[in-house]
Amino acid sequence: MHLEGKVCVITGAARGIGYEIAKVFAENGALMALVDLSFDDDFNFPYGEFRQYEADISDHDKVKELIKAITVDFKRIDCLINNAGITKDSLIMRMKEKDFDSVIAVNLKGVFNMCKHAMRPLTKSDDPSIINISSVVGLMGNPGQCNYSASKAGVIGLTRSLAKEMAGKNVRVNAVAPGYIKTPMTDKLSQNQQEAISQTIPLKRLGNPDDVANVCLFLASTAAGYVTGQVLAVDGGMTMY
Ligand code: NAD
């Protein structure tokens with residue numbers, strides 16, 4: 001499952017799951033275009049060849065410029081991983097309109113922006129693929145996350161439609177639906193909440209970012225050459241029937 005010489009673009013790469021995916025991909029030979037809103041001054045990525053790009057994926061025109069810059073720097077794109085995402089949780093009666101809109105703008109429209117502008121370079125690759133990071137709450141729902149779960153369910157619809165649209169050009173499009181993964185996003189939960197959640201998970205633990213990264217590695221590799229339009233849950237069994 002190596003990615004030798006493949007140019008992979010990943011959003012939300014400055015930390016959390018995105019950083020881990022970038023690390024695992026680089027360790028397996030990929031050349032990484034790391035995209036995030038911003039990178040800390042002490043950002044360190046000692047795993048292989050990479051470039052950093054600061055961009056807001058919810059901004060359609062900026063994403064067009066971003067993809068242009070990446071294709072100038074790397075000459076092509078083989079894989080796009082749409083990982084960047086935000087939460088603005090509250091019960092719907094208290095949810096502010098701007099908190100609904102901003103979550104949809106980043107988590108769903110951001111994926112549209114990236115897919116749309118990266119599609120032309122992707123179609124020139126020998127083995128093009130897109131991996132969209134959704135969430136189990138896009139499958140199951142979750143109280144306090146109407147905005148987030150709608151955005152993540154939207155990502156699944158987009159993934160399946162795009163997979164059908166692009167299959168004729170051999171572009172594989174899949175989604176990964178993580179359960180609870182230990183990152184700065186879930187650090188917002190108290191220790192008690194994390195322990196209570198662990199008890200509800202069949203494998204009795206929160207996931208680690210590399211649990212997600214290894215599944216993405218498979219989906220980006222030629223080992224998954226006959227896999228498209230799928231949603232792979234990486235959730236310790238949370239969504240099994
Ligand atoms: P995180 O908050 O640790 O990291 C997200 C990264 O995305 C940050 O570096 C942030 O700066 C970047 N980002 C946010 N808005 C952006 C924008 N407009 N443009 C560019 N970059 C932007 O989150 P994480 O836990 O690593 O989650 C990564 C992805 O996995 C997200 O899509 C999230 O919804 C999804 N997910 C996470 C979990 C979990 O338990 N952590 C579970 C299911 C799904």
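Residue indices begin at 1 and follow the sequence shown. Both ligands and their constituent atoms are indexed starting at 1 by order of listing. The figures here come from the full heavy-atom set of this structure, side chains too, leaving out hydrogens, waters and symmetry mates.
Using a 4.0 Å cut-off to heavy atoms of Asp56, the atoms of ligand 1 that qualify are 17 (C), 18 (N), 19 (N). Short contacts between ligand 1 and Thr186, defined as distances under 4.0 Å to a heavy atom of the residue, involve ligand atoms 39 (C), 40 (O), 41 (N). Distances below 4.0 Å separate heavy atoms of Ala84 from the following atoms of ligand 1: 7 (O), 13 (N), 21 (N), 22 (C), 32 (O). Listed by atom number, the atoms of ligand 1 under 4.0 Å from Ile86 heavy atoms are 14 (C), 15 (N). Residue-ligand proximity, Val106 to ligand 1, at heavy-atom distances under 4.0 Å covers atoms 15 (N), 18 (N). Listed by atom number, the atoms of ligand 1 under 4.0 Å from Tyr180 heavy atoms are 40 (O).
For Ile17, a nitrogen or oxygen atom sits less than 3.5 Å from a nitrogen or oxygen atom of ligand 1, counting backbone and side chain alike. Checked by distance only, ligand 1 and Pro178 stay at 3.5 Å or farther apart across all their nitrogen or oxygen atoms. Not one N or O of Ser58 is nearer than 3.5 Å to an N or O of ligand 1, by distance alone.
Between atom 32 (O) of ligand 1 and the options Ile57, Ile133, Asn83, Ile81, the minimum heavy-atom separation is to Asn83. Distances from atom 38 (C) of ligand 1 to the heavy atoms of Ser135, Gly179, Gly12 put Gly179 nearest.
Ligand 1 lies nowhere less than 4.0 angstrom from a heavy atom belonging to Pro209. Using a 4.0 Å heavy-atom cutoff, Gly207 is absent from the residues neighbouring ligand 1. At least one heavy atom of Ser134 sits closer than 4.0 Å to an atom of ligand 1. The shortest heavy-atom distance from Tyr148 to ligand 1 is under 4.0 Å. For Lys152, the closest heavy-atom approach to ligand 1 falls below 4.0 Å.
Within a 6.0 Å sphere centred on NZ of Lys62, heavy atoms belonging to other residues, nucleotides or ligands number 12 at most. In the displayed structure, Asp126 atom CG is contacted under 6.0 Å by at most 12 heavy atoms of other residues, nucleotides or ligands. Summarising the local packing, CD of Glu54 is surrounded by more than 12 heavy atoms from other residues, nucleotides or ligands at distances under 6.0 Å. Within 6.0 Å of atom NE2 in His60, more than 12 heavy atoms from other residues, nucleotides or ligands are found, so the atom counts as buried in its surroundings.
The shortest heavy-atom contact between Lys152 and Ile133 is NZ-O, 2.9 Å. Between Lys169 and Pro128, the closest heavy-atom pair is O-CG, 4.4 Å. Heavy atoms only, all atoms of each residue included: Gln52 and Phe43 are closest at OE1-CD2, 3.6 Å. Nearest heavy-atom pair, Leu34 versus Ala13, reported as atom, atom and distance to 0.1 Å: CB-CB, 3.8 Å.
Contacts between Ala55 and ligand 1 below 4.0 angstrom, taking non-hydrogen atoms only, involve the backbone exclusively.
Using a cutoff of 4.0 Å between basic side-chain nitrogens and carboxylate oxygens, Asp40 and Arg15 are not scored as salt-bridged.
Of all protein heavy atoms, the one closest to atom 25 (O) of ligand 1 is Thr183 OG1, 2.5 Å. Protein heavy atom closest to atom 5 (C) of ligand 1, with residue, atom name and distance, is Gly85 O, 3.9 Å. From the protein, the heavy atom lying nearest to atom 40 (O) of ligand 1 is Ile181 N, 2.7 Å. From the protein, the heavy atom lying nearest to atom 21 (N) of ligand 1 is Leu37 N, 3.4 Å. Distance from atom 3 (O) of ligand 1 to its nearest protein heavy atom, with residue and atom name: Arg15 NE, 3.0 Å. For atom 11 (O) of ligand 1, the nearest non-hydrogen atom of the protein is Asp36 OD1, 2.6 Å.
The same ILVMFWY cluster, assembled from side-chain heavy atoms under 4.5 Å apart, contains both Phe112 and Met114. Both Val227 and Ile131 are assigned to one and the same hydrophobic cluster, defined by single-linkage of ILVMFWY side chains at heavy-atom distances under 4.5 Å. Ile197 and Tyr148 fall within a single hydrophobic cluster, where Ile, Leu, Val, Met, Phe, Trp and Tyr are joined by side-chain heavy atoms under 4.5 Å apart, directly or via other members. The hydrophobic clustering, which links ILVMFWY residues whose side-chain heavy atoms are closer than 4.5 Å, places Ile17 and Leu37 apart.
Checked against the 6.0 Å centroid threshold, Phe25 and Tyr47 do not count as a close aromatic pair.
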